[in-house]
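To start, the structure itself, in structure tokens.
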Amino acid sequence: MKKKPHIILFNPDQWRGDVMGHMGNAAAITPNLDKLVSDDAVSFRNAFCQNPVCTPSRCSFMSGWYPHVRGHRTMYHMMSPEEPVLLKQLKDEGYFVWWGGKNDLVPSENGFEAYCDVKYVPEKQPKPMFGGVYHGTKDNWRGEPGSDTYYSFFVGELKERSDEDYYYDSDWANILGAIDLIKNAPEDKPMCIYLPILYPHPPYAVEKEWYKLVDKSLLPERISVDKLSNNKPSMLSGLREKYNMQSWTEDQWTELRATYYGMCSRVDFQFGLLLEALKEAGIYDDTAVFFFSDHGDFAGDYGLVEKTQNTFEDCLTRVPFIVKPPANSAIEPRISDALVELVDLTATVQHYAGITPDYTHFGKSLVPIISGETDNHRDAVFCEGGRLNGEFHANESAPANEDPSMLYWPRGEMQRSEGPEHTKATMIRTKKFKYVRRYYETDELYDLEKDPGETENKIDDSSLSNVLVDLKERMLDFYQETCDVVPQVRSSREAK
């Protein structure tokens, strides 16, 4: 019987797909990711999430289902006990599953026993994460209500330090917990380590040693508001109004972006420690490593911060996705240009773990690409979000965003509105074009070769009419193919 590999699922939150050095971004300091891809892994240049916010994306990549299959398209509709979750499959197949980090996947009231052997709680209590709590006073980095920094999520360089080698927040606690497990790996079971850490999710704040790595002069040009056509989604303009950051100078945006890049460098450093621990334990070759994010971040593009739940700019939907297979599997290390989706994670992990799924899902194994057989995978990728008018149960009302003093209030207000801003929408993206069907608003069409920043909506351009028809037909095929899943166990029709 073939030995099952160990599996590492390293899942930083809100990392844009363009912030990696090996992707040609000179400002991105990611030496550990870059070396892994050079030596032992494949990095996917065109990897896309299936929803641009946390919970729907995680429900999707952990099941191989698109969000519409079972209505997983809000932050508050997680995977129910009868639904498939990759972690549970691994546990049921004999893996020792260790989960260190955030949830955003299963209802906490149901417990985690079905999904992992250990839901890690460090013995030493981590310090609070994010922004003002580094300085001891909650949110003291924010400006006054009504100021242009009140909803900016911007903290910047963290100059104050503890007497430790690092700031022991929950990310560090989980990374160190995983390293300890690697040093004391179970001898009788393969292990799966799931690390859904918080960085580089804003607020934008990072310690000096990573902030100082970023050469601000090398940052790519920001996509500014003055370059945008008038028929962009109202969610974007509505958020800009509520964030109230229109007065920000380019220098201010540069500071925010440099901080975000520094946060990514911090995560790269932590990832490097994990890889080194695998090597020191002698199990690096026996381990399949997956590095991927749930979605991206505006980080200043379009005059915005954070993300939205129903717009699909590449800065939100394109994500890092890097796979190192176990050493006994074929690999041609490189950057692949294949179009891939995060739903493909499920199928690829199942392949290396020797799992035959007992349900229908829509992921496609990346193994043929990883082995170098091909770079053809999908002709299009898809992302979806938003809600219908009257779907009040899907408007994401919650204490975290209903109070105007909360950082998430602007996005919460836009999602709760009964205007067109929250509309259901679906993206189809090929290598050359992106089309977004918006239920209550003007659709979007972008020629990505001529306009990679998606600044000019060409939906009314008659010269692209044939392209538009083809994309609409392809989207219809997508929905017909994936509109439901039929249980593989049949119901009995005979009376007893």
Side-chain angles (χ1 to χ4, degrees), residues 47-86 104-107 233 235 292 294-296 307-314 316-319 339-347 357 359-364 377-396 414-415 420-430 434-441 443-445 471-488:
F48 289 83
C49 64
Q50 279 50 78
N51 186 284
V53 294
C54 301
T55 292
S57 179
R58 292 163 194 266
C59 291
S60 180
F61 68 63
M62 276 292 181
S63 64
W65 287 350
Y66 294 97
H68 67 262
V69 174
R70 288 287 288 267
H72 293 291
R73 53 184 167 85
T74 84
M75 292 291 291
Y76 299 95
H77 293 85
M78 301 183 181
M79 299 298 283
S80 57
E82 74 278 4
E83 292 178 322
V85 173
L86 180 59
D104 280 354
L105 177 64
V106 296
M235 174 63 81
F292 59 100
D294 53 350
H295 54 79
K307 72 262 186 179
T308 74
Q309 100 283 22
N310 74 339
T311 76
F312 310 105
E313 292 74 22
D314 271 11
L316 300 187
T317 55
R318 192 204 301 259
V319 294
L339 282 170
V340 307
E341 298 181 314
L342 284 188
V343 290
D344 299 330
L345 171 76
T346 300
Y359 70 103
T360 299
H361 70 68
F362 305 102
K364 296 175 63 178
H377 187 66
R378 295 181 181 273
D379 66 327
V381 293
F382 298 86
C383 194
E384 52 193 353
R387 68 177 180 88
L388 299 173
N389 285 335
E391 267 191 317
F392 299 114
H393 59 291
N395 74 1
E396 304 206 355
M414 296 299 292
Q415 293 173 193
E421 299 90 351
H422 61 71
T423 182
K424 285 187 80 172
T426 304
M427 174 200 87
I428 175 173
R429 188 196 192 281
T430 65
K434 178 181 290 188
Y435 167 63
V436 179
R437 163 73 174 172
R438 307 191 73 79
Y439 196 66
Y440 299 130
E441 286 193 303
D443 290 353
E444 300 169 75
L445 179 64
L471 291 171
K472 286 184 173 182
E473 282 292 312
R474 181 65 183 86
M475 185 179 288
L476 181 61
D477 287 345
F478 161 70
Y479 271 118
Q480 187 162 34
E481 179 186 6
T482 65
C483 64
D484 64 6
V485 287
V486 178
Q488 293 191 7

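Side chains included, hydrogens not; waters and symmetry mates left out as well; all remaining heavy atoms used. Because the structure is a prediction, the values reported are computed rather than measured.
Pairing each heavy atom of His77 with each of Gly71, the nearest pair is CB-O, 4.2 Å. Heavy-atom minimum distance, Gly363 versus His361: N-ND1, 3.0 Å. Considering all non-hydrogen atoms of both residues, Val486 and Thr360 come closest at O-OG1, 4.2 Å. When every heavy atom of His422 is checked against every heavy atom of Gln415, the shortest pair comes out as CB-O, 3.9 Å. Met475 and Tyr435 get closest at one heavy-atom pair: CE-CD2, 3.8 Å. Between Asn51 and Ser57, the shortest heavy-atom distance links the atoms O-CB, 3.5 Å.
Distance OH/Tyr76 to CG/Asn395: 10.0 Å, rounded to 0.5 Å. Rounding to the nearest 0.5 Å gives a distance of 10.0 Å between OG of Ser60 and CG of Leu345. Atoms OG1 and CD, on Thr311 and Glu421 in that order, are 13.0 Å from each other to the nearest 0.5 Å. Between Leu471 atom CG and Arg437 atom CZ the span is 13.5 Å, to the nearest 0.5 Å. From Leu86, atom CG reaches atom CE of Met62 across 5.5 Å, with rounding to the nearest 0.5 Å. Atom OG1 in Thr317 sits 11.5 Å away from atom NE2 in His295 (nearest 0.5 Å).
At least one side-chain heavy atom of Gln309 sits under 4.5 Å from a side-chain heavy atom of Met235. In this structure the side chain of Phe312 reaches within 4.5 angstrom of the side chain of Pro52, judged on heavy atoms. Side-chain contact between Tyr479 and His68 is present, with at least one heavy-atom pair separated by less than 4.5 Å. The shortest distance between side-chain heavy atoms of Asn310 and Thr423 falls below 4.5 Å. You'll find the side chain of Trp65 reaches within 4.5 Å of the side chain of Pro84, heavy atoms only. Looking at heavy atoms from C-beta onward, Phe382 lies out of side-chain contact with Gln50 at the 4.5 angstrom threshold. Leu388 places a side-chain heavy atom less than 4.5 Å from the side chain of Tyr439. Using a 4.5 Å heavy-atom threshold, the side chains of His72 and Thr55 count as separate.
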Exercise for the section: For Val436 and Thr426, run side chain to side chain contact (heavy atoms under 4.5 Å, CB included): C-alpha distance rounded to whole Å, both residues' side-chain angles, the deciding distance at 0.1 Å, then the answer. Expected result: CA-CA 5 Å; Val436 179; Thr426 304; over 6 Å; no

Problem - Audit row: Asp443, Arg438, salt bridge (Lys or Arg N to Asp or Glu O under 4.0 Å) steps and yes/no - result: CA-CA 5 Å; Asp443 290 353; Arg438 307 191 73 79; over 6 Å; no

Practice task
With side chain to side chain contact (heavy atoms under 4.5 Å, CB included) as the test, would you mind laying out the steps for Asp379 and Arg474 before giving the verdict?
Solution key: CA-CA 10 Å; Asp379 66 327; Arg474 181 65 183 86; 3.0 Å; yes

Practice task
Output, in order, the C-alpha distance, side-chain angles, deciding distance and verdict of side chain to side chain contact (heavy atoms under 4.5 Å, CB included) for Phe292 and Leu342.
Solution key: CA-CA 8 Å; Phe292 59 100; Leu342 284 188; 4.3 Å; yes

Handout entry: Stepwise side chain to side chain contact (heavy atoms under 4.5 Å, CB included) test for His377 and Leu339
Key = CA-CA 6 Å; His377 187 66; Leu339 282 170; 6.0 Å; no

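Under 4.0 Å is where a charged nitrogen must lie from a carboxylate oxygen, and between Asp344 and Lys364 no such pair does. Salt bridge Glu444/Lys434: absent, no basic N to carboxylate O contact under 4.0 Å. Between Glu384 and Arg73 no salt bridge is recorded (no basic side-chain N to carboxylate O distance below 4.0 Å).
For Gln480, the CD atom counts as loosely surrounded, since its 6.0 Å shell holds 12 or fewer non-hydrogen atoms of other residues, nucleotides or ligands.
Taking the six-membered ring wherever Trp is involved, the centroid distance between the rings of Phe478 and Tyr66 falls below 6.0 Å.
Residues forming a side chain to side chain donor-acceptor pair (under 3.5 Å) with Ser63 (at least two apart in sequence, or on another chain): none.
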